[in-house]
Amino acid sequence: MVNSQIQTENSQQQILIGKIQAIFFENSDNFYKVLQVKLLEADFTWPEEEIVVTGNFANLSEGEKYRFFGHLFEHPRYGKQFQAENYQTELPTQTTEIVNYLAGENFPGIGQKTAERIVKVFGTATLTKLQQDPASLSQLGLSKKQRQTLIDNLTNTGDQQQAVIELNRFGFGSQLTARIYEHFQKETLAVLHHQPYRLAFEINGIGFKRADRIAEQQQIAADDPQRLQAALYQSVYDLCHNTGDTYTSAPSVMQQAMDLLLRSRRVTLSEKQVADQLVTLAADGKIVVEKRRIYLRHYYEAEWKIAEQIKTLLQRPVKLPEKKVQAIDKLLTEIALQLKITYGAEQLQAIKTALKNRLLLITGGPGTGKTTIINGIVALFAAVHDLSLDANDYQTDEFPIVLAAPTGRAAKKMSETTGLPAVTIHRLLGLNGSDGQDNYQANENLTLASQLLIVDEMSMVDTSLFERLLAAVPTSMQLILVGDQDQLPSVGPGQVFADLLACEKLPQIRLEKIYRQKQSSTIISLAHAIKKGILPADFTKNQFDRSFIACSEHQVESAISQIILYAQKKKLNLNDVQVLAPMYRGQAGIDHLNVILQNLVNPKGTKTKELVANQQSFRIGDKVLHLVNSPENNVFNGDIGQIVGINLAQDNPQKPDQVIIDFDGNEVTYLRKDLTKIKLAYCVSIHKAQGSEFKLVILPLVNMFHRMLNRNLLYTAITRAKKMLILLGQKEAFQTAVDHVSVNRKTSLLERLSQALRVKQSQQSISLSQSSINHGQTSINEETTKYILTSQLIANEEIDPLIGMNGLKPIDFKHKN
DNA sequence: TTTTGTCT
């Protein structure tokens, strides 16, 4: 049915019937395939017996006949081929063919005799009959298994095939097609036709607009409730993800949703219509409205779950035998001797506290010895509990200490500094980040088995990830969270680490003393001042380790060029010099500076080998940044390397284009297709530089960056400098950055923590049932009428607490341990 | 209006 529709819709489409001889190429991640087909019939002329067919195909079998719909196409590299947009099995029509087909490898358990018996009954219509009316099989006296085989293969193939065809028709590429089918399976077609907005809710990478285009083709009206709800939900999601807040407000959502709806289809809708659907969304529990705050249900629950889980952890104190407690000081002295370290008072206290507490937060800026402390905690923990730190001793058992971080690079660094294995939190939890906007339920039953978990770079952990991490932490585990609360906040909504630290009831240690740099470093004192919101008076005055150059946005490139030339003259290793900027666009932006600096430091000579990809040229000697995690090569997002070799296919046709990059002694080969993973790195974004340090940092800030400028960004940038810091640009821009507090995202975590930790266990159920939170079962009707969220209330911003909670109580968010 | 993370 679908097929005939397409044929009439697209009269220019060409048709080809052929038998698959070989599947040349098959991408296991998606449905894309390249086939060699023996041509049987076609509505165009083709000089040869065989033809190459490409496209997205579900199940295909070699040796089978198919009908392809598509176009002839001239591929620049592989020549003329047939691009199929659509296809169907060319089912055998003659009885002998059908018998062979059924007796063939597609139908295990059906032999020649059985096949003959089936065809005898249904004749040439056998296959369509079985597809349309599988029940008719029961009259043939086949075994249950045989019947199932026939049904599965005939109908399943059809489902998947039709879904793939339909998805192609809506313009989905092979990646998305595979993901969508994997998610909805047999439901795919029904979802596409009747609930297209589910694509936006459930598939990562599909937003409201794309779903709306499909809906429009399905004649779903512009004021259809599912359309309005999808736009509202998307708006709450977008607002939270753009701001980093875990909730938003009704006026913001309404404005954003009205906008989105109007931009997607030019149909005017009334505010009332849309507001009514916001009420429905809340009533259905997809969003939660509380005290004028609108949450995605996921974030609402996550904040409660975090608070409840932390409370549960704190209720189980660590019990160390008295003998061990007395031995701690002695053991620490031994460890210090062994590691050849002299611990400061602050550090000793941090290590000892870590051992005695179920949960401990440790925050400190660069150079305050966080790494030293992590090493100390690991060593002391192992000594006190008589644990071996040799991975070989744990062939079958779980390693007792787990080190994890939110980014690949932070995990790699952790592993390097401790000598122990460290992983990303995602990998630890088995998160595969695949589907949808709230996939938090994945792996909910996972429980980690080790005794101690240390998480580094906590400032980059968002609400969602932390909730999932805590869900996997048993109360028998000790948890140490380490980070620098003044660095850039997490990508996703929330400011978990800052909120946790703000909760005074949580055991925490703030490291102030700087060990690494000399106390006289004026970079550090500048960082401290910025942290407090002050741009010191001596800011523009040159110091022995930093300086300021006033210049306009347009002068930035020449100023930086002069600094670099000077550094070169002074025989400074340019790998120790790093330019950092907040954004890519503009005259003083990263992209422009990279081109300028590349041509300055590594100009193209007549013989320079160069490879151009993604509008960038890569030359031997170039400094480059790796943009994704490639654990198989031990290279991670944010790693900086240098191009040490380029092989061009034009010089040596036997070999493909290759770029060899040296990452601190680790040489990795990139093919042309891998070049999307790298970028020039003469200048990198401050975000990307988080977690790295450089001897000399050059930081241009101009007013044009004003939207990006904030305190954490400036703090992060200048604390990347180990020895020297050169600031340039407009003084005003630096002032803007200092004035703009960044970690003030709107979240409820601190409130939840206070609530959860305030109530004593024994009183909890009583006090909660008395509060407005709990609508008891008996009074629910009366209560809900009182609490009904109306569009009027939205307009007046008079929303009562906890509408849409459906009687959920905080205690319901408690993890089962 | 801009930057940023993870996985198969």
Side-chain angles (χ1 to χ4, degrees), chain A residues 27-30 174-176 178-179 181-183 203-205 238-244 256 259 404-412 422-440 442-443 446 455-469 483 487-497 580-586 588-591 625-632 636-639 677 679 683-692 701-714 716-717 733 736-737 740 742-743 745:
Chain A
N27 187 333
S28 53
D29 296 337
N30 55 49
S174 37
Q175 297 278 12
L176 268 180
R179 288 232 315 272
Y181 187 78
E182 196 175 318
H183 184 80
I203 304 291
N204 217 348
D238 289 347
L239 285 165
C240 290
H241 282 256
N242 289 338
T243 56
Q256 177 102 351
D259 230 55
T407 68
R409 219 155 72 85
K412 176 187 172 189
V423 290
T424 61
I425 297 173
H426 300 79
R427 206 167 269 239
L428 182 68
L429 301 178
L431 301 176
N432 55 30
S434 55
D435 293 330
Q437 300 185 330
D438 33 17
N439 58 344
Y440 59 101
N443 267 290
L446 178 89
V455 180
D456 198 3
E457 296 287 5
M458 257 306 285
S459 62
M460 291 195 256
V461 175
D462 65 31
T463 304
S464 197
L465 186 62
F466 193 57
E467 184 273 315
R468 288 183 231 184
L469 179 66
Q487 291 212 27
L488 296 165
S490 59
V491 173
Q495 46 181 12
V496 176
F497 198 48
L580 303 178
M583 58 191 249
Y584 289 93
R585 254 177 351 103
I590 298 160
D591 288 334
L625 177 74
H626 187 85
L627 300 167
V628 296
N629 284 345
S630 309
E632 69 282 3
F636 294 87
N637 188 350
D639 280 350
K677 296 176 190 162
K679 230 177 195 317
C683 178
V684 305
S685 72
I686 296 168
H687 281 85
K688 287 280 184 200
Q690 170 148 283
S692 302
L701 287 194
V702 294
N703 294 330
M704 186 249 164
F705 297 151
H706 73 276
R707 284 201 177 269
M708 285 295 299
L709 299 176
N710 63 57
R711 208 178 283 176
N712 283 37
L713 188 87
L714 179 56
T716 305
T736 310
H740 190 197
S742 34
V743 186
R745 294 179 167 185

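So you know, we letter chains A, B, ... as the sequences are listed, proteins then strands, and number each from 1. Keep in mind that what you see is a predicted model, and the values were worked out from it rather than measured. Worth knowing before you read on, the calculation uses all heavy atoms, side chains too, and leaves out hydrogens, waters and symmetry mates.
Candidate nucleotides B:dT6, B:dT3, B:dT1 were compared by shortest atom distance to the side chain of A:His426, and B:dT6 ranks first. The A:Thr407 side chain lies nearest to B:dG5 when the options are B:dT1, B:dT3, B:dG5. The side chain of A:Met583 lies closest to B:dT3 when the candidates are B:dT1, B:dT3, B:dG5.
One interatomic measurement links the two molecules: CG of A:Leu713 to C1' of B:dT1, which rounds to 14 Å at whole-angstrom precision. Atom CG in A:Leu469 sits roughly 16 Å away from atom P in B:dT6 (whole-Å rounding). Computed from coordinates, the A:Arg707 CZ to B:dT4 C1' distance equals 18 Å when rounded to whole Å. For the pair A:Gln690 CD and B:dT4 C1', the computed distance is 9 Å after rounding to whole Å. Between A:Leu627 atom CG and B:dT6 atom P there is a gap of 11 Å when expressed in whole angstrom units. Atom CG of A:Leu429 is separated from atom C1' of B:dT8 by 16 Å (rounded to the nearest Å). To the nearest angstrom, C1' of B:dT4 lies 13 Å from CG of A:Asn710. Between A:Asp238 atom CG and B:dT1 atom P there is a gap of 16 Å when expressed in whole angstrom units.
Using a 4.0 Å heavy-atom cutoff across all strands shown, A:Phe705 reaches no nucleic acid atom at all. Residue A:Gly408 is in sugar-phosphate contact alone, with no base atom involved, counting any heavy-atom pair closer than 4.0 Å across all strands shown. Among the heavy atoms of the strands lying under 4.0 Å from A:Asn637 are primed sugar atoms or P, OP1, OP2 only; no base atom is included.
Nearest-nucleotide assignment on DNA chain B puts the 5′-proximal partner with A:Asn242, out of A:Lys688 and A:Asn242.
Each of A:Thr736, A:Leu714, A:Val702 was checked for a side chain to side chain contact (heavy atoms under 4.5 Å, CB included) with A:Leu709, and the lone residue meeting it is A:Thr736.
For the side-chain hydrogen bond (donor to acceptor under 3.5 Å, both in side chains) test, residues two or more places apart in sequence or in another chain that qualify with A:Asn637 are A:Lys688. Scored by the side-chain hydrogen bond (donor to acceptor under 3.5 Å, both in side chains) test, A:Ser685 finds no partners at all (sequence neighbours excluded).
What you find for A:Pro582 and A:Leu701 is that their closest heavy atoms are CG-CD2, 3.6 Å.
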